Visitor: 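Shown below is the structure under consideration.
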Amino acid sequence: MPEDSPPSQRRHLALFFPFLPVDRLMRHPDCDTPDDTPLVLVEKVRGAMRIAATCSQAAALGLNAGLALADARAQVPLLAVTDHDPAADLAWLERLADHCDRFTPLVAIEAPDALALDITGCAHLFGGEAPLLADVARFMARWSDDVRLACGDTPEAAQALARFAPAGVSFESEDATLRRLPVAALRIEEETQTALIRAGLKTIGDLAMRPSAPLAARFGADLVDSLDRLLGSADSRITPRRAAPALRFERRFAEPIAHTEAAMAAIGELAEEAAIELEQRGMGGRRFIARFFRSDGRTYDLATESSLPMRDPAVLMRLLDERLAALSDPVDPGFGFDMIRLAVPRIEPLTPAQLQLEGGCVADEAMAELVDRLSTRLGRGAIRRFQPHDSHVPEQAALTLPAVDLPAPAAWDAPQQGEPPTRPIHLFDPPQPIEVIAEVPDGPPHRFRWRRSQHHVVRFEGPERIAAQWWKHAPGKSPGLTRDYYRVEDARGRRFWIFRHGLYETEKPDPRWYVHGLFA
């Protein structure tokens, strides 16, 4: 389905994992901790081992984060202990975010233990908000024994409800529920929380009834800003891990499909829908991503790019088939794909192509199609094109870029009619040193030796002086040496582009010479 413009009222879903480190450990293949044994994760803090995370059983026994391990063992002798690994926990949270991509492409990570989803315009695909929450809870139960979900008008409201709203208790409205939450739901510093409670402001409702100016003056402007975002008085959005694609098309299956061929056929149908939408907009796609969602949560991506905007389903499927054939890790349906998505992250205007009088497309489109196929098969960096670059330094005047990612074409500098080219086609990288004999130290070359051969100069033109890029160097430091270039021709008619590196006596007492290129 195409991405619509966001409505004024947005909805967000928060997923809070209170025991995420334990969820990760208990699902590790090497985990041998019995389910009925309290488990804590510890880390060294100022030379002492302290609890960093616990399981639900340990929390029920009063073992909380920050408690010394020795005190915890004194309270619960039969205690399973393992090291805390924050990096592994973050990687696990990233994996959970990947799984949530099946519900909405707008997923943000709220480290260290929560996710935020923008579900605006998505709930109707699942029959409403309540069925969506049930579907998410059922799906995430595979990776978490305790996940708490809540919806809100802002990400902060959804997070507060997921973390602090009492389970099984319903109020007349979302706003009423938020106003009954403790001030800790604002996720402010503990010192500010303590000061608020001592002042008799224990709930969000207590704060909402107070004027903003006195609150900001006494407790800081951050408190008022957090309160406004929580209650929806200020606009608040999540920052998704991946930018939302310009167009998105999906297929959901009641029964998972277990064959890759059937999945590719479904992608072909989505490609036809994309072509219709792109044609209506007068646009073409430059990048396409087909994502396969397996019923066990694993995902596979097939991505392809084009050097020119396109919307032909047949061409797109041919590129995706090429990409599929080039995969080192083939797409494994496993127990089947229950969802397939085709995203078009990058679109550009596409005008009708002019046909030649004798039939067939113009050469540019034929070349672009060849480049797309080779780049898909060999890799996006394998096929490259030259692109002029605005620089007076000769070796930086041209860049090689991936052909499928070429920017808007730029014109190459052409010599005047009847004049020889100012730059050779072939440049040496790096320039090759030569031995030069000149009539005067700072004069043109008279004879030079290169690759064990003597070259007698019969004609020359120059010098063309090219200064160093002084603006790229720190003040007080030398920007580099000046180059004096000469176009020379030897007695056998061979033409060279050589330069003296450094000004005689001014920059260097004995400048070296180099041949930088050959003229045709």
Side-chain angles (χ1 to χ4, degrees), residues 371 374-375 378-403 405-407 409-416 418-473 477-520:
V371 167
L374 292 176
S375 299
L378 304 177
R380 72 185 310 271
I383 309 299
R384 308 180 74 85
R385 287 179 177 172
F386 284 99
Q387 178 76 2
H389 178 61
D390 186 15
S391 175
H392 72 283
V393 179
E395 60 268 26
Q396 299 178 13
L399 304 175
T400 58
L401 303 175
D405 199 26
L406 198 65
W412 293 89
D413 292 334
Q416 296 181 2
E419 293 292 329
T422 58
R423 296 287 187 272
I425 296 177
H426 177 75
L427 292 181
F428 292 110
D429 184 20
Q432 300 190 7
I434 57 177
E435 299 175 6
V436 172
I437 297 176
E439 294 182 352
V440 293
D442 57 350
H446 179 67
R447 187 170 65 249
F448 66 92
R449 180 182 177 86
W450 178 49
R451 292 181 178 177
R452 300 181 181 180
S453 299
Q454 292 286 346
H455 299 268
H456 296 272
V457 177
V458 296
R459 295 183 181 87
F460 74 88
E461 185 178 358
E464 176 189 357
R465 180 159 293 178
I466 297 180
Q469 296 175 300
W470 53 267
W471 59 90
K472 290 188 177 181
H473 295 265
K477 292 188 177 182
S478 174
L481 301 178
T482 303
R483 303 180 192 177
D484 277 349
Y485 278 89
Y486 292 87
R487 291 186 292 178
V488 301
E489 181 179 332
D490 66 4
R492 299 177 59 181
R494 292 172 294 188
R495 295 182 229 176
F496 305 86
W497 201 40
I498 65 177
F499 69 91
R500 181 177 48 237
H501 198 207
L503 300 179
Y504 179 69
E505 291 185 344
T506 304
E507 295 180 348
K508 201 171 184 182
D510 185 20
R512 298 291 304 274
W513 286 81
Y514 298 88
V515 57
H516 203 173
L518 303 176
F519 290 95

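What you see is a predicted model, and the numbers here were worked out from it, not measured in a lab.
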Visitor: Would the number of heavy atoms belonging to other residues, nucleotides or ligands and lying under 6.0 Å from CZ of Arg494 be above 12?
Guide: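 Above 12, so yes.
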Visitor: Return a table of donor-acceptor pairs under 3.5 angstrom between the side chains of residues 502-520 and protein atoms on other chains or two or more places apart.
Guide:
residue, atom, partner, partner atom, Å
Glu507, OE1, Thr482, N, 2.9
Glu507, OE1, Leu503, N, 3.2
Glu507, OE2, Thr482, OG1, 2.8
His516, ND1, Tyr485, OH, 2.9

Visitor: When the side chains of residues 429-438 are checked against the rest of the protein, which donor-acceptor pairs come out under 3.5 Å, sequence neighbours left out?
Guide:
residue, atom, partner, partner atom, Å
Gln432, OE1, Trp450, NE1, 2.9
Gln432, OE1, Arg451, NE, 3.4
Gln432, OE1, Arg451, NH2, 3.4

Visitor: Are Pro394 and Trp497 close enough that some pair of their side-chain heavy atoms sits under 4.5 Å apart?
Guide: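 Pro394 vs Trp497: side chains touch.
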Visitor: Apply salt bridge (Lys or Arg N to Asp or Glu O under 4.0 Å) to Asp484 and list each qualifying residue two or more places apart in sequence or on a separate chain.
Guide: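 So Asp484 forms a salt bridge (Lys or Arg N to Asp or Glu O under 4.0 Å) with Arg465, Arg500.
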Visitor: Given salt bridge (Lys or Arg N to Asp or Glu O under 4.0 Å), test Arg423 with Glu464 step by step and report yes or no.
Guide: CA-CA 11 Å; Arg423 296 287 187 272; Glu464 176 189 357; 2.8 Å; yes
Visitor: When rounded to the nearest 0.5 angstrom, what distance separates CZ in Arg492 from NE2 in His455?
Guide: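 If we round to the nearest 0.5 Å, Arg492:CZ and His455:NE2 are 8.5 Å apart.
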Visitor: Does His456 NE2 have over 12 foreign heavy atoms under 6.0 Å away?
Guide: yes
Visitor: With sequence neighbours excluded, tell me which residues meet side chain to side chain contact (heavy atoms under 4.5 Å, CB included) with Arg452.
Guide: Arg449
Visitor: Measure across Pro445 and Ile498 and return the closest heavy-atom pair with its distance rounded to 0.1 Å.
Guide: CG-CD1, 3.4 Å
